[in-house]
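Below you'll find the structure, written out as structure tokens, and then a few comments.
Just so you know, ligand 1 is whichever comes first in the structure, and atom 1 is the first atom listed for that ligand. Keep in mind that what you see is a predicted model, and the values were worked out from it rather than measured.
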Amino acid sequence: MLGRLNHVAIAVTDLKSATNTYRDILGAKVGEPLDQPEHGVTVVFIELPNTKVELITPLGENSPIFNFLNKNKNGGIHHICYEVKNLELSINILMKNNYKIIGDNPKIGAHGKPVIFLHPSGFDGTLIELQEE
Ligand code: CO
């Protein structure tokens, strides 16, 4: 089912400071902040040679990452995103095996492709995002 690692998302409390660290100290290729109201986050993409890192910070009052930042005051790894060839097929397999999907239907993710989130309870406490290739 799983293809490439698409990105690792890190929840941050201070997007500017985190962005500066990745750009100025770690020497990474860092993009501009991008508001994603439908996901309740502002994102900065960091391009690495083999994958991406996304710095995410809450946007709006109902951001799904407020809870995470309440539990992890300094921020931390929020989710990892794997690519799959066929998202519907992957969802069917997971549901047949009683893994919990978050939300009903795939949404269009940060990269303009359908994504779905899998509940951490089935994956050793790790929130997993699947993105169609
Ligand atoms: Co993501």
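When the side chains of ILVMFWY residues are joined at heavy-atom separations under 4.5 Å, either directly or via intervening members, I91 and L2 end up in a single hydrophobic cluster. Linking Ile, Leu, Val, Met, Phe, Trp and Tyr residues whenever their side-chain heavy atoms come within less than 4.5 Å places M1 and I101 in a single cluster.
Annotation: side chain to side chain contact (heavy atoms under 4.5 Å, CB included) contacts of F123 (sequence neighbours excluded): L94, Y99, L118, I128.
With S63 contributing its side chain and P58 its backbone, the two residues share no donor-acceptor pair below 3.5 Å. When atom types are taken as modelled, the side chain of T42 and the backbone of P33 share no donor-acceptor pair closer than 3.5 angstrom.
In this structure, K113 does not pair ionically with E132, as no charged nitrogen and carboxylate oxygen lie closer than 4.0 Å.
For the Co ion (ligand 1), protein N, O or S atoms closer than 2.8 Å were enumerated as H7 NE2, H79 NE2, E129 OE1, with waters left out.
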